[in-house]
Amino acid sequence: MRIDIITVLPELLESPFKHSIIKRVQEKGLVEIVVHNLRDFSTNKHHKVDDYSFGGAAGMVLQVEPADLAITHLKKQRQYDEVIYTTPDGQPFTQNTANQLSLAQNLIIFCGHYKGIDHRIREMHISKEISIGDYVLTGGELAAAVITDAIVRLLPGAIGDETSALSDSFQDGLLAPPVYSRPADYKGYKVPEVLLSGNFKAIEKWQLDQSLERTENLRPDLLD
Ligand code: ADE
């Protein structure tokens with residue numbers, strides 16, 4: 001898989017992909033993550049990529065030309081399954097979306113910034129608009145990092161224990177059960193007996209009961 005991220009702030013995306021699982025997945029050759037600076041596609045001598053909005057609304061707008069040049073440049077090199085735009089008015093990002101996107105070969109993520117992007121880019125190039133939650137960030141870079149992380153960890157071979165990604169919260173529409181490690185007794189706080197019993201049937205039942213109970217209590221909306 002290849003993920004191309006276009007942004008006015010490439011510095012913000014330097015660290016998130018350089019550690020732990022996401023770093024190893026790239027080293028294994030399962031994904032290539034390439035960050036592009038939108039300013040490199042500006043035809044302005046000061047590398048400007050934003051301008052005032054027509055109609056006088058407050059805030060600057062990412063201009064149509066550099067965005068078009070950047071996306072067109074990439075599209076000439078390979079076929080993309082989706083051109084994603086990160087924006088608070090996009091579709092809410094869910095585990096389901098991550099699962100679907102993890103099947104793609106090539107993705108572009110265009111990070112929104114300022115007041116947003118000239119709407120014509122959305123008409124010309126964007127196939128999917130994604131929000132990571134009902135709040136407004138200073139830009140779409142952190143959203144792009146979240147989306148990339150959620151997709152990349154699902155790639156076959158990304159996580160050592162193959163069943164691990166499948167047992168995440170949300171994969172079966174339920175929150176994950178609590179997990180424990182040694183010591184079995186810490187300052188009187190004890191690990192539930194059943195987990196020490198070695199009875200796998202009983203453990204499985206306990207985990208499912210816990211998942212259901214936690215979902216009912218914490219996220220009843222997921223059971224609807
Ligand atoms: N850009 C600003 N806020 C955002 C959000 N909540 N999701 C995606 N992109 C954004």
Side-chain angles (χ1 to χ4, degrees), residues 1-18 22 31 33-42 47-71 74-75 80-104 106-154 168-171 175 218-219 221-222:
M1 171 184 257
R2 177 178 165 121
I3 304 179
D4 288 282
I5 305 178
I6 305 170
T7 167
V8 289
L9 275 176
E11 304 83 2
L12 252 186
L13 290 168
E14 268 167 24
S15 177
F17 309 131
K18 285 203 175 141
I22 307 300
V31 69
I33 302 170
V34 187
V35 178
H36 307 268
N37 190 341
L38 181 62
R39 291 181 205 284
D40 293 342
F41 296 89
S42 171
H47 303 289
K48 204 166 110 73
V49 291
D50 61 331
D51 208 337
Y52 294 99
S53 97
F54 280 127
M60 302 296 273
V61 172
L62 285 175
Q63 290 174 286
V64 63
E65 189 190 48
D68 179 36
L69 291 176
I71 296 171
L74 291 172
K75 279 183 167 174
Y80 285 91
D81 301 272
E82 299 280 4
V83 181
I84 298 163
Y85 173 52
T86 55
T87 173
D89 58 8
Q91 289 295 307
F93 188 57
T94 62
Q95 187 61 48
N96 211 3
T97 321
N99 292 348
Q100 280 170 20
L101 291 174
S102 75
L103 301 174
N106 299 306
L107 296 172
I108 291 176
I109 306 181
F110 190 100
C111 302
H113 217 86
Y114 309 118
K115 211 60 200 161
I117 193 163
D118 188 308
H119 198 76
R120 288 167 290 185
I121 282 295
R122 294 163 90 155
E123 294 165 357
M124 289 166 71
H125 288 298
I126 303 298
S127 61
K128 208 174 193 59
E129 305 192 338
I130 296 182
S131 161
I132 60 159
D134 287 342
Y135 41 79
V136 181
L137 303 165
T138 52
E141 287 72 20
L142 296 179
V146 166
I147 293 165
T148 302
D149 186 291
I151 294 171
V152 166
R153 64 186 290 285
L154 292 173
D168 291 337
S169 277
F170 303 116
Q171 275 300 12
L175 300 186
L218 301 170
R219 291 294 306 276
D221 55 298
L222 292 177

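The analysis underlying the following values was restricted to heavy atoms, covering all of them including side chains, and did not include hydrogens, waters or symmetry mates. Just follow the structure's listing: the first ligand is 1, and inside any ligand the first atom is 1.
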Worksheet item: Do you see a donor-acceptor pair shorter than 3.5 Å between the side chains of Asp89 and Thr87?
Response: yes
Worksheet item: Are any side-chain N or O atoms of Ser102 and backbone N or O atoms of Asn99, one a donor and one an acceptor, separated by less than 3.5 Å?
Response: yes
Item to complete: For Arg39, check salt bridge (Lys or Arg N to Asp or Glu O under 4.0 Å) against everything at least two apart and list the hits.
Response: none
Expected rows: ligand 1 N/O, protein N/O, dist below 3.5 Å:
{"unit_1": "ligand 1", "atom_1": "3 (N)", "unit_2": "Leu137", "atom_2": "N", "d": "2.9"}
{"unit_1": "ligand 1", "atom_1": "6 (N)", "unit_2": "Gly133", "atom_2": "O", "d": "3.1"}
{"unit_1": "ligand 1", "atom_1": "6 (N)", "unit_2": "Tyr135", "atom_2": "O", "d": "2.8"}
{"unit_1": "ligand 1", "atom_1": "7 (N)", "unit_2": "Ile132", "atom_2": "N", "d": "3.0"}
{"unit_1": "ligand 1", "atom_1": "9 (N)", "unit_2": "Thr87", "atom_2": "N", "d": "3.2"}

Item to complete: Quick one: which residue pairs count as a side-chain hydrogen bond (donor to acceptor under 3.5 Å, both in side chains) with a foot in residues 5-16, not counting sequence neighbours?
Response: Thr7-Glu141, Ser15-His19
Worksheet item: Among all residues two or more places apart in sequence or in another chain, which pass the ring-ring contact (aromatic ring centres under 6.0 Å, His included) test with Phe41?
Response: His73
Discussion item. Other residues, nucleotides and ligands only: do more than 12 of their heavy atoms fall within 6.0 Å of CD on Gln100?
Written reply: yes
